[in-house]
Structure formats: structure tokens, C-alpha cells
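Working notes for the structure below.
Index from 1, following the sequence. Both counts, for ligands and for their atoms, begin at 1 and track the order of listing. All values below were derived from every heavy atom in this structure, side-chain atoms included, with hydrogens, water molecules and symmetry-related copies excluded.
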Amino acid sequence: MTATSRTNPSHRGRPTMLGQNQYGKAENRVVKITRDGDTHHIKDLNVSVALSGDMEDVHYSGSNANVLPTDTTKNTVYAFAKKYGIESAEQFGIHLARHFVDSQEPIHRARIRIEEYAWERIENSDSGSQFIGADEVKHSFVRQGQETRTAQITYDGERWEVFSGLKDLTVMNSTNSEFWGYVKDRYTTLKEAYDRILATEVTGVWRHNWTSDEDRMPNWERSYEQSRKHMLDAFAETYSLSLQQTLYQMGARVINSRSEIDEIRFSLPNKHHFLVDLEPFGMENETADGAVYFAADRPYGLIEATILRDGAEALIPVDLTNL
Ligand SMILES: O=c1[nH]c(=O)c2[nH]c(=O)[nH]c2[nH]1
């Protein structure tokens, strides 16, 4: 028990006392895009702030005199991403923790927890305008270590039906995406975007046209690797006017490149990234060298479609979650 709680009149005489406590804003999803000419770099963090100190009064009496709002801790995360950049999770956490403890007398301890999501550049074997070197692209990324490969095989004694697929393949283009010219009704508030982040978590299922001759079975490993590659290449290379258009390009690329596949279906959540308003803190967010975004997790647009080889039958179920 601290001196404050012992002497707090609203606490005196109660058979309870306050134990360990901390507060702050958890899971601030901050994405910093740094622009080095037209080569972009991503830092993608999930930052949780927990502060503690002289917080007896707010618990005992409701006095907020010592309380820096959790909303302010969130704003600080975004403002510091712009002000100091994100050199490393550790360095960023040090800036934040020091700031909270040094600037607020009642706060004696700050704990900053950070998860960092790693992104790698989409490798591209064809020549394209966004190459850096032989195999690196400038603004298209795939998130590391997440995807799951899927398969569904059905056999009725005569015919085979083989679906292959993947889920949780997260990709991002940090530019070359626009969205405008859409319907506007009395409820529309969305601003037209001429340069936005396009990010999605790909769920895809594709159907092989092989059904019987066991001597002519596709090479499943190669088929998967190549289909994945064509999807990623199309995602990276498409200058996108909508996620729907990008989806179609991804599917068409697979069908046109892989003769063993007749049908492909995608479910693509539009993982929205909103520019943070830093003007209240005297900062311009979007500058030539980059910007800070809030990565929202919900709600999200959900774009789903099947792409078919001309004349092929649609056999993949509409709801891919039932596969
Ligand atoms: O690529 C998009 N497609 C949409 O249909 C849509 N709707 C929306 O609000 N944003 C977007 N983005």
C-alpha cells in the first residue's frame, strides 16, 4: 500500500485495497512506409503500451488528475513513428517508454510490448518497371511465415477432383493502387484515393482439370509453386484501380500460365490502411520520405470471385471457408 492510498479519504475504512495496476492502449497497429525514391521500406508493428505509477486516486475516487488518456498513448505511438521513424522495435519502444516516464510525473513505469511483422519483397523473375536488382521489386511485399497450403481431393472410384489452394498469404503494394469513380449516394463519405496502400490476405482455391488418367497426373509440387508465383507476380505488377481488378488479374495469370488449372476462386479481404492525422501535433504525415498508417483489422471489404478458363464449369464452392 502506498502513502497515497493509505491517506486517500475515499478509501479509508474500506476492507479492500488496490494491488498491481497498469493501463494504456493495447495493440496499436502502426505501419510506417519509408520512401527512398520509388523504393519503399515497410515497418509493421503492433505496439501495446502499459503505464503504471500514482494511480490510486483514479481507482479509489475516480479522479483523473494523474491519468494520461490511453487515447493519448495511442496518438504518441503514431506521432513518434513519424517523428523518429522506426529504426527497430527496440529503439522505438525505448523512445516511447522514456517519453511516458520522463514527461509525466505520476507515471513511474512504462512497459512497451511490440510485435513486429516481417515483410519480404515479392521476387519477380520477369522484367518489370519496379525492379531494383535482378529479383527485387520496389513496392510489393509478402508477409513472412504465415501462409498455409491447402488441398481437397475427392474420388468416387472413377473420377478425381483435386482442389489446391492457400490461405493466409498476406501481401501489400505500398503504391500503384487507386480507388475512385465509384457510386456516391447520400451515405457515401469515402474519399477518392489516387495513391493508396493495397493489402490483402489471400485465400485461393484452384481446380485441376485432371480427373482420371493416373499416368498423366500433374506435378503437384511444381503446379503449386508456379501458381503461387503467378498470383504474386500479378499482384505486384497490376497497377490497381480496385481490388476486384487485381483479383481478376491474379486469377487470369494463373489460368493463362498453367494449362492444368481450369478454375480459381479468391476471397480477398481489403486490409485497410488509413493515413493518421498528425496535424494536431504539428506534423505533416505524408511527406516525400514516407508516411505513417493505421492498419485497421475490421471491418474490412471482402472481395470474392471465380475466374474460369473459357468454357470451364464452375465447381469450386462459393464459400471457401467450407472447404
Ligand atoms: O478496391 C476496392 N474495391 C471496393 O469495392 C471498395 N469499396 C471501398 O470502400 N473501398 C474499396 N476498394
Min heavy-atom dist E178 to ligand 1 below 4.0 Å: no
Element-labelled atoms of ligand 1 that are located less than 4.0 Å from some non-hydrogen atom of S242: 1 (O)
Location of contacts on L190 toward ligand 1, heavy atoms closer than 4.0 Å: side chain
Note, L198 side chain near F235 side chain (heavy atom, < 4.5 Å): yes
Nearest-option assignment for atom 1 (O) of ligand 1, heavy atoms, candidates L268, L243, V183, T200: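 Looking at heavy atoms only, L243 sits closest to atom 1 (O) of ligand 1.
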Polar contact flag, side-chain donor to acceptor under 3.5 angstrom, S48-E27: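 There is no such pair between these side chains.
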Check ion pair E260-R222 (N to O, under 4.0 angstrom): no
Ion pair R149/E221, N-O distance below 4.0 Å: yes
Aromatic plane relationship, W220 with H208 - under 30° parallel, 30 to 60° tilted, over 60° perpendicular: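 Because their plane-to-plane angle is over 60°, the rings of H208 and W220 count as perpendicular.
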Closest protein heavy atom (residue, atom, distance) for atom 4 (C) of ligand 1: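 Closest protein heavy atom to atom 4 (C) of ligand 1: F179 CZ, 3.3 Å.
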Identity and distance of the protein heavy atom lying nearest atom 3 (N) of ligand 1: Q244 OE1, 2.8 Å
Check: R196 N/O within less than 3.5 Å of ligand 1 N/O: yes
Within 45° cone of Y182 ring axis and under 6.0 Å: K184 NZ or CZ: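 Yes; both conditions hold, so K184 lies above the ring face of Y182.
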